[in-house]
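Down below is the structure, laid out as structure tokens.
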Amino acid sequence: MAAPMVKRSSLIINNIFSNYIRKNISKCKRSISFSRVNGGENTSQTHFGYENIPEDEKEERVYKVFENVATKYDLMNDAMSAGIHRLWKDYFISKMAPTPGTQLVDVAGGTGDIAFRFLNYVRNEDSESYNNQDRQSDVETPPELRSISESDEISESGESKTEKAKSFVTICDINQAMLDVGKSKAENLGFSSETCFIQGNAENLPLESNKYDVYTIAYGIRNCTHIDKVLQEAYRVLKPGGRFMCLEFSHVTNPLIQQLYDSYSFQVIPVMGQVLAQDWKSYQYLVESIRQFPKQEEFVEMIRNAGFKMAKYENITFGVTAIHSGFKI
Amino acid sequence: MNSFTNIYKTLNYSKYSYFRRLNLLQVCKSRVTRHHGLATYSTDVKEENEEMHTDSEDNHHPGYDYLYSGHIPTTRFQKTLLAIGSGITAIVDPARDDMVSAFGETTGYFALQRLREKMLKDPVGRQILEERPILNSSTLDIDYLGSLPENTFGKHYWKFLTKNGFSPDARLPVQFVDDDDLQYVMLRYRQIHDLFHTVLGMPPHMLGEVIVKMVETFQTGLPMCALAAMFGPVRLGPVHRQKYFTTYLPWAIKCGSSAKFLMAVYYEKHWEQDLQEFRQELNIIEPPPGIGRKKKNTENAS
């Protein structure tokens with residue numbers, strides 16, 4: 001009973017694959033790749049999900065996708081990952097382990113998830129920090145000496161003991177709609193003084209060189225047309241000793257989990273997108289763009305090529321997400 | 001070595017594109033007709049690989065717009081999930097008209113086929129399927145409708161549109177039906193929904209919508225209409241609910257089952273006809289009064 005059906009379905013699958021491969025072996029040069037591919041005409045083509053489009057179009061189309069989904073972005077993230085994306089982002093920040101006073105640039109950080117987590121983390125650090133004044137007063141200085149010692153310190157150092165560089169986040173995104181959502185969230189959560197929102201292209205950042213301690217890009221780099229340019233810009237804006245960190249969907253290592261993940265991605269996510277956000281095509285693009293992104297090893301190689309040292313990656317949840325990291329040393 | 005990596009990449013790509021092929025396979029397994037404009041009986045699928053636009057030189061997404069523009073092929077599992085999700089959303093938030101549409105498209109497979117068979121049997125219905133008239137602002141001259149005399153069908157429709165601020169363009173295109181003819185039947189049903197409102201004399205508030213859906217259930221057999229008619233009254237206030245169960249529901253059932261087949265009427269040819277006369281032609285019993293139109297009610301109770 002099951003055997004003929006299995007046989008029939010495997011024949012169908014074989015049929016599809018062999019026909020498809022036969023058709024495409026001759027078109028190997030046109031196969032989908034993440035770098036520039038020459039099309040028939042002079043325009044170079046790149047991938048947009050499973051479509052092939054001219055490179056100049058990709059930026060615009062990605063812009064439209066995120067413009068459409070901006071208002072429901074957080075809701076859809078929660079629905080699609082059943083809230084697990086919050087754990088991934090928390091883990092990401094704990095891996096970063098920033099100290100108070102860090103200057104962070106969060107690229108493609110539109111709605112501010114990483115930025116706000118970072119600020120919460122350093123605020124907690126601040127309140128528990130070693131340099132906290134409370135812990136120093138084991139021995140009370142007598143009142144006559146206290147005012148003298150404080151004023152001495154202020155006049156000697158040039159800046160008071162409590163003043164050090166404040167942690168600050170520069171959030172950069174190419175899409176104004178996402179930035180607007182992020183701005184209103186920042187106001188609601190009280191982070192407006194420690195964040196600044198800038199619109200800009202990750203391949204050509206409107207920021208000064210050698211300025212930031214950490215550069216993060218969370219779930220944004222797969223949407224960029226030229227990943228190598230993004231990495232070069234990251235290298236440029238980081239201070240020497242700065243860290244590049246990338247959180248991105250990646251390739252699942254376990255074949256069984258991969259099948260489940262693929263089924264879930266292709267069958268369920270576009271339907272969720274249609275029901276919750278009225279947009280099937282954007283979420284179809286999302287799951288396809290995840291498959292088009294280079295594998296973990298390939299991406300680490302690209303990071304090394306951009307000049308970063310100690311480049312490594314870590315898989316989370318069997319490779320559904322991966323954290324890539326490198327230092328500008 | 002380079003060709004090996006390319007082959008490897010292609011294989012990986014084809015592995016991931018399994019789902020795209022699965023969607024299209026599902027679509028082709030259902031009966032497909034590619035003859036646009038001719039109301040032919042659908043032909044069984046032949047070798048689908050040549051027909052599928054899977055070549056990488058095509059600029060559009062392989063899979064979208066496969067049978068008609070706006071088409072998104074879906075597997076049976078996706079249709080089920082979409083039906084459940086859209087059904088719940090449509091009840092919770094009836095303003096989401098795209099969810100109502102999606103629910104109708106995903107659950108209407110058998111009903112649409114039955115409708116098409118019925119339309120083919122009727123001469124006017126067959127003509128509609130062949131000519132495929134569309135109601136939108138370019139095919140419909142709103143000012144002309146406004147210039148017609150008072151009691152005509154066209155004038156009533158014009159009043160319906162202008163009073164409620166509707167536009168004939170507001171109906172969403174069909175996306176999830178995997179057949180070209182059936183897609184047109186669904187689209188036609190959606191577009192003449194407003195005409196049903198006019199012919200039945202029902203305003204577009206919740207009560208009027210539920211009544212029209214009840215009549216449509218008998219006329220079309222679409223599960224979406226049946227469920228909307230059954231669960232819609234949940235959202236009615238007590239006054240409307242009372243009115244609905246005592247007066248309008250019996251009328252709607254009688255009217256819906258005794259009227260002529262309303263999908264096979266070429267409404268575009270009846271703009272100048274007197275509304276009462278048109279109703280008699282269609283065997284529609286005059287609606288009971290008191291449905292809430294603020295202007296003078298010219299219809300008499302049956």
Side-chain angles (χ1 to χ4, degrees), chain A residues 9 12-13 15-34 37 39-41 45 47-54 57 79 251 258-259 262-281 284-285 287-288 290-292 294-295, chain B residues 2-25 29 47-50 52 54-64 72 74-90 96-99 101-103 106 172 175-176:
Chain A
S9 59
I12 293 171
I13 292 171
N15 198 21
I16 296 171
F17 277 18
S18 55
N19 276 347
Y20 190 85
I21 291 169
R22 226 182 295 134
K23 266 201 262 175
N24 282 285
I25 287 259
S26 56
K27 297 185 209 151
C28 273
K29 288 194 187 126
R30 284 177 179 271
S31 69
I32 309 283
S33 73
F34 57 83
V37 175
E41 306 81 21
Q45 304 252 314
H47 56 82
F48 180 79
Y50 284 161
E51 265 184 82
N52 261 358
I53 55 170
E57 261 188 48
H251 294 258
Q258 184 194 38
Q259 287 200 9
D262 281 351
S263 298
Y264 175 72
S265 295
F266 284 96
Q267 303 285 320
V268 180
I269 286 183
V271 176
M272 255 193 231
Q274 178 69 26
V275 172
L276 295 171
Q278 286 174 251
D279 198 348
W280 178 285
K281 297 189 180 181
Q284 183 80 29
Y285 160 70
V287 298
E288 290 174 357
I290 294 176
R291 272 55 189 189
Q292 296 287 34
K295 294 205 160 151
Chain B
N2 197 23
S3 65
F4 177 73
T5 48
N6 278 336
I7 294 171
Y8 181 66
K9 272 186 194 160
T10 315
L11 279 175
N12 276 334
Y13 171 66
S14 58
K15 184 169 48 157
Y16 292 129
S17 70
Y18 167 68
F19 288 100
R20 187 163 50 82
R21 305 287 301 212
L22 183 66
N23 281 4
L24 291 172
L25 194 68
K29 272 220 175 325
E47 189 59 45
E48 70 262 25
N49 288 328
E50 289 95 56
M52 285 202 216
T54 52
D55 294 347
S56 44
E57 50 254 23
D58 272 354
N59 256 352
H60 65 275
H61 187 284
Y64 292 152
I72 297 177
T74 42
T75 59
R76 224 167 283 156
F77 178 73
Q78 283 175 323
K79 283 203 182 67
T80 318
L81 212 57
L82 191 55
I84 299 171
S86 59
I88 297 174
T89 318
R96 286 285 301 271
D97 56 342
D98 64 305
M99 285 290 101
S101 318
F103 187 65
T106 49
L172 296 165
Q175 285 179 308
F176 301 112

*asked:* Counting the benzene-type ring for Trp, do A/W280 and B/Y64 have ring centres under 6.0 Å apart?
replied: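 For A/W280 and B/Y64, the ring centres are not under 6.0 Å apart.
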*asked:* Could you go through A/Q284 and B/I72, starting from their C-alpha distance and side-chain angles, then the distance that decides it, and tell me whether this counts as side-chain contact (heavy atoms from CB on, under 4.5 Å)?
replied: CA-CA 11 Å; A/Q284 183 80 29; B/I72 297 177; over 6 Å; no
*Report, by ascending residue number, the residues of residues 82-89 of chain B in heavy-atom contact with chain A at a distance under 4.5 Å; give 'none' if the set is empty.*
B/L82, B/G85, B/S86, B/T89
_Atom pair CD/CZ of A/Q267 and B/R76 - distance to nearest 0.5 Å_ = 12.0 Å
*State which residues pass side-chain contact (heavy atoms from CB on, under 4.5 Å) with B/D97; sequence neighbours excluded, sorted by chain then number.*
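For B/D97, the residues satisfying side-chain contact (heavy atoms from CB on, under 4.5 Å) (neighbours in sequence not counted) are B/L172.
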_Using the side-chain hydrogen bond (donor to acceptor under 3.5 Å, both in side chains) criterion, which residues pair with A/S265? Sequence neighbours excluded._
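Here the qualifying residues are A/R291.
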_I'd like to check the ring-ring contact (aromatic ring centres under 6.0 Å, His included) partners of B/F103; sequence neighbours left out, ordered by chain and number._
none
*So, the side chain of B/Q78 versus the backbone of A/F266: is there a donor-acceptor pair under 3.5 Å, distance only?*
yes
*Minimum side-chain heavy-atom gap B/F77-A/V271 below 4.5 Å*: no
*So, do A/Q274 and B/M99 sit near enough that their side-chain heavy atoms are less than 4.5 Å apart?*
yes
*Non-hydrogen atoms of chain A under 4.5 Å away: do they reach the side chain of B/L81, the backbone, both or neither?*
both
